[in-house]
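One structure is given here, and the rest of the page talks about it.
Values below: all heavy atoms of this structure, side chains included; hydrogens, waters and symmetry mates excluded.
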Amino acid sequence: MNENDIKRINELYHKSKREGLTEDEKKEQTALRKQYVESIRKNIRASLDNVSIVEPDGTVTDLKEIKSKKDSSKNKNSRTKKL
């Protein structure tokens, strides 16, 4: 997602309020918004991967480690349910 995409999202928004959008513009707007949201999610995930938690006992745990443990337990549970 670059500045031009964001400008286009804003242009389409303002045009939709002024005069409405054609079907093609509505599709473009939807696609650009999805890309924007995915970009934001990706940036937040990357930021959270760099966060560490200091536990009460003084140990440091990276959120990335917690997520990978959680994901692996989800995979085990989903495999068990499928059987």
Side-chain angles (χ1 to χ4, degrees):
M1 179 77 21
N2 58 43
E3 281 188 47
N4 290 333
D5 292 337
I6 294 171
K7 285 180 183 178
R8 183 66 178 151
I9 290 170
N10 289 325
E11 288 170 5
L12 290 170
Y13 168 76
H14 291 295
K15 183 179 179 194
S16 73
K17 294 299 177 187
R18 279 192 321 267
E19 60 195 76
L21 300 175
T22 65
E23 286 303 314
D24 287 341
E25 289 171 330
K26 287 178 185 178
K27 289 177 186 176
E28 179 186 6
Q29 183 182 44
T30 300
L32 286 170
R33 284 179 173 176
K34 284 181 183 180
Q35 289 175 0
Y36 178 77
V37 169
E38 187 56 39
S39 173
I40 296 295
R41 286 180 179 155
K42 184 178 176 182
N43 290 338
I44 290 173
R45 284 185 190 116
S47 294
L48 289 175
D49 283 346
N50 293 315
V51 172
S52 299
I53 298 173
V54 179
E55 304 290 346
D57 64 359
T59 59
V60 177
T61 306
D62 292 335
L63 282 181
K64 193 174 192 176
E65 291 175 18
I66 294 171
K67 183 183 180 311
S68 64
K69 287 179 186 177
K70 185 178 176 182
D71 288 345
S72 66
S73 69
K74 276 185 180 180
N75 288 338
K76 287 178 186 177
N77 288 338
S78 65
R79 280 188 242 145
T80 305
K81 290 177 184 176
K82 290 180 182 177
L83 296 175

Ile44 reachable from Leu63 in the ILVMFWY side-chain graph, under 4.5 Å edges: yes
Measure the spacing between CG of Asn43 and CG of Leu48 and express it to the nearest 0.5 Å. 11.0 Å
Lys15 NZ to Gln29 CD distance, which is reported to the nearest 0.5 Å: 10.5 Å
When hydrophobic residues are tied together by side-chain contacts of less than 4.5 Å, even through go-betweens, does Ile6 share a cluster with Leu12? yes
What heavy-atom pair brings Glu25 and Gly20 nearest, and what distance separates the two atoms? OE1-O, 4.4 Å
Using the test salt bridge (charged side-chain N to carboxylate O under 4.0 Å, His left out), find all partners of Lys27 that sit at least two apart in sequence or belong to another chain. none
Starting at NZ of Lys42, measure out to CD of Glu38 and round the result to the nearest 0.5 Å. 8.5 Å
Closest contact, heavy atoms only, Tyr13 versus Arg33: CD1-NH2, 4.1 Å
Looking at Lys26, is its backbone amide N or carbonyl O close enough to the side chain of Thr30 to form a donor-acceptor pair, meaning the two atoms are under 3.5 Å apart? yes
Shared hydrophobic cluster, Val54 / Ile66 (ILVMFWY, side-chain heavy atoms < 4.5 Å): no
Do Asn2 and Asp5 touch side chain to side chain, with heavy atoms closer than 4.5 Å? yes
A quick test of your reading: do over 12 heavy atoms of other residues, nucleotides or ligands sit less than 6.0 Å from CD of Glu3? no
Check: Lys17 and His14 side chains under 4.5 Å, non-hydrogen atoms: no
Qualifying residues under salt bridge (charged side-chain N to carboxylate O under 4.0 Å, His left out), relative to Lys64, sequence neighbours excluded: none
Following the transitive rule for hydrophobic clusters with a side-chain heavy-atom cut-off under 4.5 Å over Ile, Leu, Val, Met, Phe, Trp and Tyr, establish whether Ile40 and Leu32 coincide in one cluster. yes
Do the side-chain N and O atoms of Asp57 and Thr59 include a donor-acceptor pair separated by under 3.5 angstrom? yes
